[in-house]
Amino acid sequence: MKQYLKDLFKKSSDKLEYLKDANLVFTVPNIGSHGDFSTNVAMTLTKQLKRNPREIASEIVENLEADKNVISSIEIAGPGFINFSFTPQFTAQIIKNILAEKRDFGKSGKYKGKKALVEFVSANPTGPLTVGHGRNAVVGDTLANMYEWIGYDVDREYYFNNAGRQMRILGESVKLRYLELLGGTVDFPDTHYQGEYIVDIAKKLHTENGDSLRDEDAEGKFKETAEAEIFADIKKTLKNINIEFDSFYNERDLYNNGDIENVLKTFKEKDLVYEKEGATWFKLTELNNDQDKVIIKASGEPTYRLPDIAYHRTKYERGYDIIVDLFGSDHIATYPDVLAGITALGYNPDLVKVIIYQFVTLLANGEVVKMSTRKANFITLDELAEEVGSDVVRYFFNMRSVSSHLNFDIELAKKHSEENPVFYLQYAHARISSIMNMTEENKLNLSVDNLELLNTDEEQNLIKKLHSFGEEMLIAGENAETHKISHYLEELAGLFHKFYTQCRIIGTEKKLAEARIALAVASQIVIKNGLNILGVTAPEKM
RNA sequence: GCGCCAGUAGCUCAAUUGGAUAGAGCAACAGCCUUCUAAGCUGUAGGUUAAUGGUUCGAGUCCAUUCUGGCGUACCA
């Protein structure tokens, strides 16, 4: 419909010069009486033309050659909006499109042939995923789904580091617990991992090896077993909420294959590093950042910046058109360094899309719980999923804009889980399945022959909402705003429930009933498509 | 101190990216099931968009200052 309006304006730009390079924007007004689509073009032209916006608007309207079978009215309103309303005959076509395209309805070919990499979770294997990681995991996977929906070929990647200090402490923690099992009294420092899962891993090692590991190095078997066990657990947790990665990228590979060495060499050649106090510094001030930072410590070990830059270079070399990084606000200071690094290497930093989400505040018994993996006062993602189910977890984390803090009240999630909006959507979907069963029994069949009979407000509003699905998903995808999906679906479900209440099918005249079946089925298709993007199931029965 | 993100109804959040009368869900109150699922629908009430000033046809949205909260500000990741 938007395209129709654009073409209409283009045609009349022969007569009205100023429309040629005017910025034409059509929006759906939030008040029904303002029509189906609206444009503010007359207002944007006031300055250039130095004329009253309403005057300009009426001149534009006089020169539009609209088809009466398509557009039922054009009105000028308010300070100079031009409002358009479409005829029921025209909107009826939308239902046919949905029924024909089914699970593909609303997909955009706009980014077809492009490749996207979404890197998310990327938690080091030091413990189970917590509710905090949950936001990252769910939003990341949903972003990936959205990019696929608008045409990208998407890879999901998990980046991790199994070297480093925290992993060393993890190995030591397991070894200490193991020694405890052998009967020794062990001083367990509070800098070490306190969680019960550490004891479990130690028990496993004890069962399998007896006391033969007494003199084993903490960095050896202890650390390796811990990593393997924890990673297996993480993957299981992710699978529980419907997430699977295409690849796991180990930071160590960047050392082994010479990439880190290579990046460093390039920086040296470009005279972007210097030595000071035994460390190697990266001249970030020359790259427009605030201060120079260390990339190789006095100990000879690189800081995280260097491997991060090398890692991002591999993303470019693997040929992605868009590179999405998702992380929490605690990492906000790190990405400008990485972007500066890859820019210095000659890559276009605009391909990288950094998405930062605000932290989840966990409330238990009305009080804020500060979570820490090391201190083991966390609630795991598994426990949460067990408690409220995968659908609720996924929906909940996708409900809010990533830029706002998210309060997660455990009691509320349990207690009100039946009032969660996700059920509102699923209920609409299930209701339609139920209608289909009933209509079959009543020997009513879907028909698209008399769709113009769908002329009540409830029917027309529903149809128009269905029509906007593709565009709203495209906007959501381009802006990486997963909360727009659930927002759209809640509105759609609301319109469907109103339609359901007002427009009965069984007991109505046959032609109208069969047209309504078409609308109900079309609604179900769109709800299901949307739920699929969210990774939430669409039940036939509830 | 400096930097980033936020502050919208009692609570949790939206607001088509600068548009028309700021909207939903919970919670509260009043209605609607012998008819396709009441996990639903209808109605009532709830607001100086943290504050002040500015930019313009037009500001919750942009700019400045202030207040409050979160996160950073490492030779941790």
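Keep in mind that what you see is a predicted model, and the values were worked out from it rather than measured. Proteins get letters first, then strands, A, B, ... in listed order; numbering begins at 1 in each.
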Next on the checklist: When both hydrogen-bonding distances must be under 3.5 Å and the geometry is Watson-Crick or G-U wobble, what is B:A64 paired with, if anything?
Outcome noted: B:U52
Checklist entry - Which part of the nucleic acid, if any, lies within reach of A:Glu440 when heavy atoms closer than 4.0 Å are counted: base, sugar-phosphate only, or nothing? => result nothing
Checklist entry - Is A:Asp290 side chain donor-acceptor paired with the B:U73 base, going by distance under 3.5 Å alone? => result no
Item to check | B:U17, syn or anti by chi within 90 degrees of zero | outcome: syn
Checklist entry - Given B:A14, is OP1 or OP2 found less than 4.0 Å from the side-chain N or O atoms of A:Ser401? => result yes
Next on the checklist: Could you check whether A:Gln291 and A:Thr285, counting side-chain N and O atoms only, form a donor-acceptor pair closer than 3.5 Å?
Outcome noted: no
Next on the checklist: In whole Å, measure the gap between the P atoms of B:U68 and B:A28 for me.
Outcome noted: 35 Å
Next on the checklist: Suppose we call two aromatic rings close when their centres sit under 6.0 Å apart. Are A:Phe231 and A:Tyr158 close by that rule?
Outcome noted: yes
Next on the checklist: Classify A:Ser299 by what it touches in the nucleic acid, base, sugar-phosphate, or nothing, heavy-atom distance under 4.0 Å.
Outcome noted: nothing
Next on the checklist: When you compare the ring of A:His34 with the six-membered ring of B:A20's base, are the centres less than 5.5 Å apart and the planes under 30° from each other?
Outcome noted: yes
Checklist entry - Contact class for A:Ser434 vs. all strands (heavy atom < 4.0 Å): base, sugar-phosphate, or nothing? => result base
Next on the checklist: Go nucleotide by nucleotide along RNA chain B from the 5' end; which of A:Ile356 and A:Thr439 gets its closest nucleotide reached first?
Outcome noted: A:Ile356
Checklist entry - What does B:U73 pair with, Watson-Crick or G-U, if both distances are under 3.5 Å? => result B:G1
Item to check | Euclidean distance for C1', B:C5 against B:U61 (whole angstrom) | outcome: 16 Å
Checklist entry - What nucleotide, of B:A77, B:U17, B:U37, holds the atom closest to the side chain of A:Glu481? => result B:U17
Checklist entry - Does B:G46 have a Watson-Crick or wobble mate here (both distances under 3.5 Å), and if so which one? => result none
Item to check | Separation of the P atoms in B:A27 and B:U65, to the nearest angstrom | outcome: 43 Å
Item to check | Nearest-angstrom distance, C1' atom, B:A24 to B:A14 | outcome: 7 Å
Checklist entry - Thinking salt bridges, do A:Glu472 and A:Lys465 make one under a 4.0 Å N-O criterion? => result yes
Next on the checklist: For a quick check of understanding: with a heavy-atom distance under 4.0 Å over all strands, which category does A:Glu458 fall into, base, sugar-phosphate or nothing?
Outcome noted: nothing
Checklist entry - Just checking A:Leu406: base, sugar-phosphate only, or nothing, at a heavy-atom cut-off of under 4.0 Å? => result sugar-phosphate
Checklist entry - Can you find a donor-acceptor N/O pair under 3.5 angstrom joining the side chain of A:Asn40 to the base of B:G19? => result yes
Checklist entry - Looking only at atom P, what distance separates B:G47 and B:U8, rounded to whole Å? => result 14 Å
Checklist entry - Does a side chain donor of either A:Glu514 or A:Ser447 reach within less than 3.5 Å of an acceptor in the other side chain? => result no
Next on the checklist: I want to verify a distance call: between B:A39, B:C75, B:C57, whose nearest atom is closest to the A:Tyr427 side chain?
Outcome noted: B:A39
Next on the checklist: Taking any heavy-atom pair under 4.0 Å as a contact, classify A:His487: base, sugar-phosphate, or nothing.
Outcome noted: sugar-phosphate
Item to check | C1' atoms of B:C57 and B:A39, separation to the nearest Å | outcome: 47 Å
Checklist entry - The side chain of A:Thr27 lies closest to which of these nucleotides: B:A74, B:U42, B:U17? => result B:U17
Item to check | Conformer about C1'-N of B:C32 - syn within 90° of 0, anti elsewhere | outcome: anti
Checklist entry - Can the ring centroids of A:Tyr357 and A:Phe120 be said to lie less than 6.0 angstrom from one another? => result no
Checklist entry - At under 4.0 Å, does any side-chain N or O of A:Arg504 touch on OP1 or OP2 of B:C36? => result yes
Next on the checklist: Applying the Watson-Crick and G-U wobble criteria at under 3.5 Å, what pairs with B:A9? Answer none if nothing qualifies.
Outcome noted: none
Checklist entry - Rounding to a whole Å, what distance do you find between A:His429:NE2 and B:A39:P? => result 18 Å
Checklist entry - Across the strands shown, which category fits A:Asn83 at heavy-atom distances under 4.0 angstrom: base, sugar-phosphate, nothing? => result base
Checklist entry - Across all strands shown, which nucleotide pairs with B:C41 by Watson-Crick or G-U wobble geometry, both distances under 3.5 Å? => result B:G31
Checklist entry - Between A:Asn83 and A:Ser38, does any side-chain donor sit less than 3.5 Å from a side-chain acceptor? => result yes
Checklist entry - Starting at OH of A:Tyr500 and ending at P of B:C41, how long is that distance when rounded to a whole Å? => result 11 Å
Checklist entry - A:Glu301 has an atom CD; how far is it from atom P of B:A77, in whole Å? => result 8 Å
Checklist entry - Have A:Tyr193 and A:Gln166 got a donor and an acceptor in their side chains that come within less than 3.5 Å? => result yes
Checklist outcome for this item: Taken to the nearest whole Å, CZ/A:Arg431 to C1'/B:C36 is 9 Å
Checklist entry - Heavy atoms under 4.0 Å, any strand shown: does A:Ala77 hit a base, just sugar-phosphate, or nothing? => result base
Next on the checklist: Under 4.0 Å, counting only non-hydrogen atoms across every strand here, what does A:Tyr424 touch: a base, just sugar-phosphate, or nothing?
Outcome noted: sugar-phosphate
Item to check | Span that lies between the P atom of B:U21 and that of B:C67, in whole angstrom | outcome: 34 Å
Checklist entry - Using a cut-off of 4.0 Å on non-hydrogen atoms, how would the nucleic acid contact of A:Ala279 be classed: base, sugar-phosphate, or nothing? => result base
Checklist entry - Touch check for A:Asn124, heavy atoms < 4.0 angstrom, all strands: base, sugar-phosphate only, or nothing? => result sugar-phosphate
Next on the checklist: Strictly below 4.0 Å: does A:His483 bring a side-chain N or O up to OP1 or OP2 of B:A15?
Outcome noted: yes
Checklist entry - Taking N and O atoms by type only, does the side chain of A:His331 place a donor or acceptor under 3.5 Å from a partner on the base of B:A77? => result yes
Checklist entry - Can you tell me how far C1' of B:A77 sits from OH of A:Tyr311, to the nearest Å? => result 14 Å
Checklist entry - When the ring planes of A:Tyr311 and A:Tyr159 are compared, do they come out parallel, tilted or perpendicular, using 30° and 60° as the limits? => result parallel
Checklist entry - With no angle test and no hydrogens, is the base of B:U73 tied to the side chain of A:Lys293 by a donor-acceptor pair under 3.5 Å? => result no
Checklist entry - Do any side-chain nitrogens or oxygens of A:Ser404 fall under 4.0 Å of OP1 or OP2 in B:A14? => result yes
Item to check | Upstream residue (5' side of RNA chain B) when A:Gln166 and A:Phe81 are each assigned their closest nucleotide | outcome: A:Phe81
Checklist entry - Of all the nucleotides listed (B:A77, B:A39, B:C41), which has the minimum atom distance to the side chain of A:Asn161? => result B:A77
Next on the checklist: What contact category does A:Ala430 fall into here, base, sugar-phosphate, or nothing, at under 4.0 angstrom with non-hydrogen atoms?
Outcome noted: base
Item to check | Euclidean distance, atom NZ of residue A:Lys297 to atom C1' of B:C76 [Å, nearest integer] | outcome: 7 Å
Checklist entry - If pairing requires Watson-Crick or G-U wobble contacts with both distances under 3.5 Å, which nucleotide is the partner of B:C57? => result B:G19
Checklist entry - Rounded to whole angstrom units, what separation is found between the CD1 atom of A:Ile505 and the C1' atom of B:U35? => result 13 Å
Next on the checklist: From C-beta outward on A:Thr303, which listed nucleotide comes closest to its side chain: B:C75, B:U42, B:A6?
Outcome noted: B:C75
Checklist entry - Do A:Phe282 and A:Phe267 have their ring centres less than 6.0 Å from each other? => result yes
Item to check | Side-chain donor-acceptor contact under 3.5 Å, A:Tyr304 with A:Asn161 | outcome: no
Checklist outcome for this item: From CD1 of A:Ile432 across to P of B:G40 the rounded distance in Å is 15 Å
Checklist entry - Is a donor-acceptor pair below 3.5 Å formed from side chain A:Ser38 to base B:A20, judging by atom type as modelled? => result yes
Checklist entry - With rounding to whole Å, what would you report as the distance between B:U55 and B:U17 at their P atoms? => result 25 Å
Next on the checklist: Of the listed nucleotides (B:U37, B:A77, B:A14), which one gets closest to any side-chain atom of A:Arg400?
Outcome noted: B:A14
